[in-house]
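Heads up, the thing below is written out as structure tokens.
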2 protein chains.
Amino acid sequence: MNIGQAAAATGVSAKRIRYYEQIGLLGKSKRSASGYRVFDRDDLHTLSFIRRARRLGFSVPKISALLALWQDQGRSSADVKRLVETHLDELREKIGELQAMVDTLQHLADRCDGDKRPDCPILHDLERSES
Amino acid sequence: MNIGQAAAATGVSAKRIRYYEQIGLLGKSKRSASGYRVFDRDDLHTLSFIRRARRLGFSVPKISALLALWQDQGRSSADVKRLVETHLDELREKIGELQAMVDTLQHLADRCDGDKRPDCPILHDLERSES
DNA sequence: CCTACACCTTCCCATTATGGGAAGGTCAAG
DNA sequence: CTTGACCTTCCCATAATGGGAAGGTGTAGG
């Protein structure tokens, strides 16, 4: 299977597959006589794993750790869970930051008339002298 | 006032100030005879504005728009409000994506024993053949 | 007056994960 | 053998910084 077919089969673009190989997330691909990358069912399986992990917001280094655990038959589920909970903490922290922005902005927008006049509490707040 | 003092006074690092000038978010700074950037009270005011906008998650292009409105005495608050509401939509969309990740991961983590055994619904899910 | 030392300047590199595109080789069908 | 689809590598760009080098400036103390 060539890279284009692997990409179509897994939803991971050819560009990304080459990138993952380059940074060492994937081992070096087998190559055909002419230098084309060749993928087998196991490779597709791994690529799909990576794609799902990306969708859940894991960074490449974290996926690397997840892959290592996945392939380690002697892993403990505690290790996997710990990794995921750390990720959950980070996601929640990010959500908290974004939510705080939303709260502030919504508060300001609620007080903005949104008409033709220039007065606007939003700009007024951004302009304030404190902080 | 030199760049270091302006940075200390506004909380915007010297690096960032230079960057903002370079990309045109700030006009070209006045310079001393020896080439040092010189900042006055107005500049500090603008830098503080930018810092607050950054903290509320606005991108540089959006801040550029906000600054233009801020400095336009003939603006309408409707324009400001529209910009902010677009931003709010984007923030909320991002939060939604992150929250969906959290929901999925929490669900999986809840089902993971987190002990010494290798069985783990998290890896099992990432590995699944569908999707 | 000269020497430190702190601060300034510009320039280049790195970050994260990906897309775009060029130049050139390969393969299968007609 | 040509065409077109596909592959290869390589370089560039993204957003918004931080790090650090090489070299000029400004000031304070000896």
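Convention: sequence-line order gives letters A, B, ...; per-chain numbering from 1.
- A straight line from CD of B:Glu21 to P of C:dC11 spans 12 Å, rounded to a whole angstrom.
- Summarising the geometry, the separation between CZ on A:Phe39 and P on D:dC6 is reported as 16 Å, rounded to the nearest angstrom.
- Per the geometry, CZ belonging to A:Arg51 stands 17 Å off P belonging to C:dA17, to the nearest Å.
- Residue B:Tyr20 has its side chain nearest to D:dT17 when only C:dG19, D:dT17, D:dT8 are considered.
- Residue A:Ser34 places at least one side-chain N or O closer than 4.0 Å to OP1 or OP2 of C:dC27.
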Next on the checklist: ring pair (Phe, Tyr, Trp, His ring centres under 6.0 Å) for B:Trp70 and A:His124? Distances and angles first, verdict last.
Outcome noted: CA-CA 9 Å; B:Trp70 184 39; A:His124 192 262; over 10 Å; no
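- Residues B:Ala33 and B:Phe58 each lie close to DNA chain D; by heavy-atom proximity, the contact nearer the 5' end of the strand is made by B:Phe58.
- Looking at every heavy atom in both residues, B:Arg92 comes nearest to A:Val102 through NH2-CG1, 3.6 Å.
- The shortest distance between the side-chain N/O atoms of B:Arg31 and the OP1/OP2 oxygens of C:dC8 is not below 4.0 Å.
- Counting only heavy atoms from C-beta on, B:Ile3 has its side chain closest to C:dT9 among D:dG18, C:dT9, D:dT17.
- Counted by atom type alone, B:Ser13 and B:Arg16 present one or more donor-acceptor pairs between their side chains at under 3.5 Å.
- The base of C:dG25 is paired with the side chain of A:Tyr36 by a donor and an acceptor separated by under 3.5 Å.
- When each of D:dA16, D:dG18, C:dT10 is scored by its nearest atom to the side-chain atoms of B:Arg16, the top-ranked nucleotide is D:dG18.
- Nearest to the side chain of A:Ser13, among C:dG19, D:dG20, C:dT18, sits C:dG19.
- Proximity note for B:Arg37 (side chain, C-beta onward) versus D:dT17, C:dG20, C:dT10: the nearest is C:dT10.
- Looking at B:Thr46 and B:Asp43, their side chains never bring a donor and an acceptor atom within 3.5 Å of each other.
- Across C:dC8, C:dA17, D:dT8, the shortest atom-to-atom separation from the side chain of A:Val60 is found for C:dA17.
- Comparing C:dT26, D:dT9, C:dA17 by their nearest atom to the side chain of A:Pro61 picks out C:dA17.
- Residues B:Lys15 and B:Gln5 each lie close to DNA chain C; by heavy-atom proximity, the contact nearer the 5' end of the strand is made by B:Gln5.
- Contact check on A:Asp115 versus A:Arg117 returns a salt bridge, with a Lys/Arg side-chain nitrogen under 4.0 Å from an Asp/Glu carboxylate oxygen.
- The interatomic distance linking A:Tyr19 (OH) with D:dC10 (P) rounds to 17 Å, in whole Å.
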Checklist entry - Going through the distances and angles, do B:Glu21 and B:Arg37 end up as a side chain to side chain contact (heavy atoms under 4.5 Å, CB included)? => result CA-CA 11 Å; B:Glu21 180 183 342; B:Arg37 285 176 182 77; 2.6 Å; yes
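- Nucleic acid contact for B:Ser32: none, since no nucleic acid atom lies under 4.0 Å from a heavy atom of the residue.
- At a threshold of 4.0 angstrom between heavy atoms, the contacts of A:Arg18 include nucleobase atoms, whether or not backbone atoms are also involved.
- In this structure, B:Ile50 places its CD1 atom 14 Å from C1' of D:dT17, rounding to the nearest Å.
- Residue A:Met1 contributes atom CE, which lies 11 Å from atom P of D:dC7 at whole-angstrom precision.
- One can place CZ of B:Arg54 at 12 Å from P of D:dA15, the figure rounded to the nearest angstrom.
- Computed from coordinates, the B:Ile17 CD1 to D:dA16 C1' distance equals 15 Å when rounded to whole Å.
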